[in-house]
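All heavy atoms count here, side chains included; hydrogens, waters and symmetry mates do not. Since we're looking at a predicted model, the values are computed, not measured.
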Amino acid sequence: MAVSEHKISGRRALVSLRVVAAKPLTESPAARYVWAIARLALGWVFVWAFLDKAFGLGHETPAAKAWVDGGSPTEGFLKNAPKGPFAGFYNDLAGQAWADWLFMIGLAGIGVALVLGIGMRIAAAAGALLLVMMWTAVLPPENNPFMDDHLVYAILAIGLALVSAGDALGLGRWWAGTSLVRRFPVLK
């Protein structure tokens, strides 16, 4: 608080001034809710991809190719879709059991973390890595020389972690206060 002394009609008066810095736009209530909704939306993208591939819900994965029924969540895409400089690398991963497990654990873990608003740093890093890998599988993108939704989502994931988007409409504040996260801040 700043204090200023002024003379008024021969008398002295103390005037206190309160200096308040404006909050950054990312801290306004409206912005926090927009970031929270973006976090929930991106989280749902990952959760839905996991559920559809795991149970063959018929959107992108037919029931006959469900992971729980022995289908491979990586085989169809990695065998047929890759093009460009990394096509051979991704073709070799297609249908590998370890790749299926890593992919599905990644989808589920990233999606749940984003939906709950916990582990945002790891979820953002893992999500961005997975999305960039998916982008490299189809280089160059079909509708743009380099940019596509995978890169936009990767940037969004990093932004969500940077603005602590898990704190609004999520469990981020509670999670940050746990002894585990206080001990290992990377889990925030």
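The CG atom of Leu171 sits 5.5 Å away from the CG atom of Leu116 when rounded to the nearest 0.5 Å. For the atom pair CD1 of Ile37 and CG of Leu40, the computed distance is 7.5 Å after rounding to the nearest 0.5 Å. To the nearest 0.5 angstrom, Leu156 atom CG is 9.5 Å from Leu131 atom CG. Summarising the geometry, atom CG belonging to Asp167 is positioned 13.5 Å from atom CH2 belonging to Trp35; distances are rounded to the nearest 0.5 Å. Atoms OG and CZ, from Ser164 and Arg121 in turn, are 7.5 Å apart once rounded to the nearest 0.5 Å. Between the NZ atom in Lys65 and the CD atom in Glu60 there is a gap of 12.0 Å [rounded to 0.5 Å].
Ala157 and Ala124 get closest at one heavy-atom pair: O-CB, 3.2 Å. Here the closest heavy-atom approach between residue Met120 and residue Leu114 is recorded as CE-CD2, 3.8 Å. Closest approach of Lys53 and Leu107 over heavy atoms only: CD-CD1, 4.1 Å. Shortest non-hydrogen contact noted between Ile158 and Ala128 is CD1-CB, 3.9 Å. Smallest separation of non-hydrogen atoms from Leu93 and Leu78: CB-CD1, 4.0 Å. Among all heavy-atom pairs drawn from Gly117 and Arg39, the shortest one is CA-NE, 3.6 Å.
The backbone N or O of Ala64 lies less than 3.5 Å from no partner atom in the side chain of Asp69, so there is not a single donor-acceptor pair. Asn80 places a side-chain N or O within 3.5 Å of a backbone atom of Gly76 that can act as its donor or acceptor partner. Of the possible polar contacts, one joining the Thr74 side chain to the Gly95 backbone as a donor-acceptor pair under 3.5 Å is found.
With sequence neighbours left out, Glu75 forms a salt bridge (Lys or Arg N to Asp or Glu O under 4.0 Å) with Lys79. Partners of Asp148 under the side chain to side chain donor-acceptor pair (under 3.5 Å) rule, at least two apart in sequence or in another chain, are His150. In this structure Lys83 satisfies the side chain to side chain donor-acceptor pair (under 3.5 Å) test with no other residue, sequence neighbours excluded.
Taking the side chain as every heavy atom from C-beta outward, Leu130 and Phe46 approach each other to under 4.5 Å.
Using a 4.5 Å cut-off between side-chain heavy atoms of Ile, Leu, Val, Met, Phe, Trp and Tyr, with links allowed through other members, Phe55 and Met104 fall into the same hydrophobic cluster. Under the 4.5 Å side-chain contact rule for hydrophobic residues, Ile105 and Met134 share a cluster. Clustering ILVMFWY residues whenever any of their side-chain heavy atoms sit less than 4.5 angstrom apart, transitively, puts Ile122 in a cluster other than the one holding Val163. If you chain together hydrophobic residues whose side chains sit under 4.5 Å apart, Val115 and Val112 never meet in one group. Linking Ile, Leu, Val, Met, Phe, Trp and Tyr residues whenever their side-chain heavy atoms come within less than 4.5 Å leaves Val186 and Leu129 in two separate clusters.
Residues in residues 177-188 take part in no side chain to side chain donor-acceptor pair (under 3.5 Å) pair, two or more places apart or across chains. A ring-ring contact (aromatic ring centres under 6.0 Å, His included) check over residues 70-120, counting only residues at least two apart or in different chains, returns the pairs Trp67-Trp101.
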Throw together a table of side-chain donor-acceptor distances under 3.5 angstrom for residues 138-147, partners on residues two or more places apart or in other chains.
unit_1	atom_1	unit_2	atom_2	d
Asn144	OD1	Phe146	N	3.2
Asn144	OD1	Met147	N	3.2

